[in-house]
Amino acid sequence: MSEQEKNKNNPLHGVTLQHILETLVECYGFKELGAQVDIRCFLINPTISSCLKFLRKTPWARAKVEELYIKSMGK
């Protein structure tokens, strides 16, 4: 099975974490995003770069953010 066939059903294929985060912040804002996904980096002095650092090091938090993105985008 080729790499393209493996990824055709993956809604996150080709989407960067930065794009996911920027899209969610644009849709919800940090305050609402923190309410949707209970992660402190969204509530205490949030910035895109600080949240990206946290999400890249924390797989469970990244999974929650990716799940919200998929739900929000209707993918």
Side-chain angles (χ1 to χ4, degrees):
M1 183 181 285
S2 73
E3 192 69 27
Q4 191 174 23
E5 290 172 344
K6 289 180 190 176
N7 292 319
K8 75 177 186 178
N9 291 326
N10 182 353
L12 296 175
H13 179 68
V15 180
T16 65
L17 182 58
Q18 183 171 351
H19 174 76
I20 291 171
L21 186 58
E22 288 172 347
T23 302
L24 290 174
V25 169
E26 187 177 306
C27 289
Y28 297 107
F30 279 113
K31 187 174 182 179
E32 179 60 27
L33 193 53
Q36 294 274 337
V37 182
D38 190 20
I39 300 174
R40 286 178 19 150
C41 72
F42 295 145
L43 301 173
I44 301 172
N45 298 325
T47 64
I48 294 290
S49 63
S50 67
C51 292
L52 282 171
K53 286 179 188 177
F54 176 76
L55 293 171
R56 286 182 178 132
K57 292 190 284 185
T58 316
W60 64 265
R62 182 178 181 148
K64 286 185 176 190
V65 169
E66 289 173 344
E67 183 180 324
L68 177 62
Y69 176 77
I70 291 169
K71 287 179 186 175
S72 298
M73 299 304 121
K75 295 184 176 187

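Nothing here was measured: the structure is a model prediction, and the numbers come from that model. Just so it is clear, the values below take in all heavy atoms, side chains as well, and ignore hydrogens, waters and symmetry mates.
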Worksheet item: Tell me the side chain to side chain donor-acceptor pair (under 3.5 Å) pairs involving residues 57-66, sequence neighbours left out?
Response: R62-E66
Practice prompt. Could you tell me whether the side chain of S50 and the main chain of P46 form a donor-acceptor pair under 3.5 Å?
Written response: no
Discussion item. Can you tell me how far apart CG (L24) and SG (C51) are? Round to the nearest 0.5 Å.
Written reply: 11.0 Å
Discussion item. To the closest 0.5 Å, what do you measure between CD1 (I20) and CD1 (I70)?
Written reply: 7.5 Å
Discussion item. List the residues meeting salt bridge (Lys or Arg N to Asp or Glu O under 4.0 Å) with E22, not counting sequence neighbours, and say none if there are none.
Written reply: none
Worksheet entry | Heavy-atom check, side chain of V65 versus side chain of F42, under 4.5 Å | yes
With a cut-off of 3.5 Å and sequence neighbours excluded, list every side-chain donor-acceptor pair involving residues 27-40.
unit_1	atom_1	unit_2	atom_2	d
Y28	OH	S72	OG	2.6
E32	OE2	Q36	NE2	3.0

Worksheet item: Same cluster or not: are L43 and L52 linked, directly or through other Ile, Leu, Val, Met, Phe, Trp or Tyr residues, by side-chain heavy atoms under 4.5 angstrom apart?
Response: no
